[in-house]
Every structure is written in structure tokens, then in C-alpha cells.
Amino acid sequence: MNIIEAARSWLRSSPLIDHENKFNAGYLGERAYEYSLTASAETHRQDILGNDLCTCSLVFMARLPYGDALRDNLSAADFFAGLSAWILQQNRSHSYPAVAGYAVTKVSASNAGMIMQADSNTARYQIQIQIDLEEVS
């Protein structure tokens, strides 16, 4: 599996991600309760043995209800706080995405729940995920 497929599958294992909701790659629709995952950056370097060390930055996005109803806005904040905590727990327990040809050595999250776009009914929220990988020979 490539990094997007592996990370998407891994995120799907979170109890916070509702399997009834659409979870795409690189595309986020206009309806509430949709998710998407996209790559935002990738760097490579070599270790002393010549193996590839890769750092992949991904963006998980969600379209959620938004507006003057405080309940919806707090629910979105709780969702992203929970997802950030879940990612931290996965890192602590070394439960990582399975990426073909690589061993994941670390996952981390930042900027959980940033609103990137909003209208009167929904908002596009995001969390940045960084995955460090080491090529396996």
C-alpha cells in the first residue's frame, strides 16, 4: 500500500471515524460528515547504510456541521481533539500504518481542528499528520 492508502486505512481504524461517512483521498465534498486525506509534503534522505528515510506530511480534512449552534462547533472541536489524542496513543503503542517497503517509526499530529473554510452550514476542518518512515531492505 502507498502512504495515502495505508494512512487512510489506519485512520479508518479509529473509533472516531464513522464508517457510514464517505472517506475519500484528495477530494472533500460539500456535504457534512465527509472526510478526505491528501499529501502535503514529502522529504527523503539516506541513512548511513543507504536506506531511504522519508518524512511524509498528510492533511486529514473533514466537512462537519458549523454555524451559530454552539453544540455543532463544540462537537467538531471534540472530534479533532479526540483524533489528535488517538494519533498520539497509536504512536505510543507503535500501532502504525502499513506502508509497502517501509517501517513507520513515528506518527504525530498538529494543528488539530483548524477551520480552513466555512459557510453558514458547514466548515472544512483539518489536522496535519506527519509520518516518519524507514526503508526496509
Who passes ring-ring contact (aromatic ring centres under 6.0 Å, His included) against Phe80, sequence neighbours left out?
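With sequence neighbours excluded, Phe80 shows a ring-ring contact (aromatic ring centres under 6.0 Å, His included) to Tyr125, given in chain and number order.
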
On a heavy-atom basis, which atom in [X] and which in [Y] lie closest, and how many Å separate them?
{"X": "Cys54", "Y": "His44", "result": "SG-CE1, 3.4 Å"}
{"X": "Ser110", "Y": "Ile127", "result": "O-CG1, 3.6 Å"}
{"X": "Glu34", "Y": "Leu28", "result": "O-CD1, 3.4 Å"}
{"X": "Ala39", "Y": "Ile4", "result": "N-CD1, 3.6 Å"}
{"X": "Glu135", "Y": "Gly50", "result": "OE1-O, 4.3 Å"}
{"X": "Glu30", "Y": "Thr122", "result": "O-OG1, 4.1 Å"}

Please say which of Ile131, Val104, Val136 ends up in a side-chain contact (heavy atoms from CB on, under 4.5 Å) with Val99.
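Result for side-chain contact (heavy atoms from CB on, under 4.5 Å) with Val99: Val104.
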
Straight-line distance of [X] [atom1] to [Y] [atom2], nearest 0.5 Å:
{"X": "Gln128", "Y": "Ser57", "atom1": "CD", "atom2": "OG", "value": "7.5 Å"}
{"X": "Ile17", "Y": "Leu83", "atom1": "CD1", "atom2": "CG", "value": "5.5 Å"}
{"X": "Thr38", "Y": "Leu58", "atom1": "OG1", "atom2": "CG", "value": "8.0 Å"}
{"X": "Leu11", "Y": "Phe23", "atom1": "CG", "atom2": "CZ", "value": "5.0 Å"}
{"X": "Leu64", "Y": "Ile115", "atom1": "CG", "atom2": "CD1", "value": "9.5 Å"}
{"X": "Gln126", "Y": "Ile129", "atom1": "CD", "atom2": "CD1", "value": "10.5 Å"}

Check for a donor-acceptor pair, side chain of [X] on one end and backbone N or O of [Y] on the other, with a separation under 3.5 Å.
{"X": "Arg63", "Y": "Gly29", "value": "yes"}
{"X": "Ser13", "Y": "Trp10", "value": "yes"}
{"X": "Thr55", "Y": "Thr43", "value": "no"}
{"X": "Asn73", "Y": "Gly67", "value": "yes"}

Any side-chain hydrogen bond (donor to acceptor under 3.5 Å, both in side chains) involving residues 77-97? Give me the pairs, sequence neighbours left out, ordered by first then second residue.
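Matches after skipping sequence neighbours: Gln90-Ser95, Asn91-Tyr96, His94-Tyr96.
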
Shared hydrophobic cluster, Tyr35 / Met114 (ILVMFWY, side-chain heavy atoms < 4.5 Å):
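Looking at the clustering, Met114 is in a separate group from Tyr35.
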
Joint cluster assignment, Tyr33 & Leu16, ILVMFWY side-chain distance < 4.5 Å:
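Yes, it is one cluster - the side chains of Tyr33 and Leu16 are joined through contacts under 4.5 Å.
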
Heavy-atom count around Asp68 CG within 6.0 Å, excluding the residue itself: above 12?
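Not buried by this count: 12 neighbours or fewer within 6.0 Å.
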
Heavy-atom count around Arg12 CZ within 6.0 Å, excluding the residue itself: above 12?
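Buried by this count: over 12 neighbours within 6.0 Å.
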
With Glu20, which residues qualify under salt bridge (charged side-chain N to carboxylate O under 4.0 Å, His left out), at least two apart?
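Partners of Glu20 by the salt bridge (charged side-chain N to carboxylate O under 4.0 Å, His left out) criterion come out as none, since no residue qualifies.
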
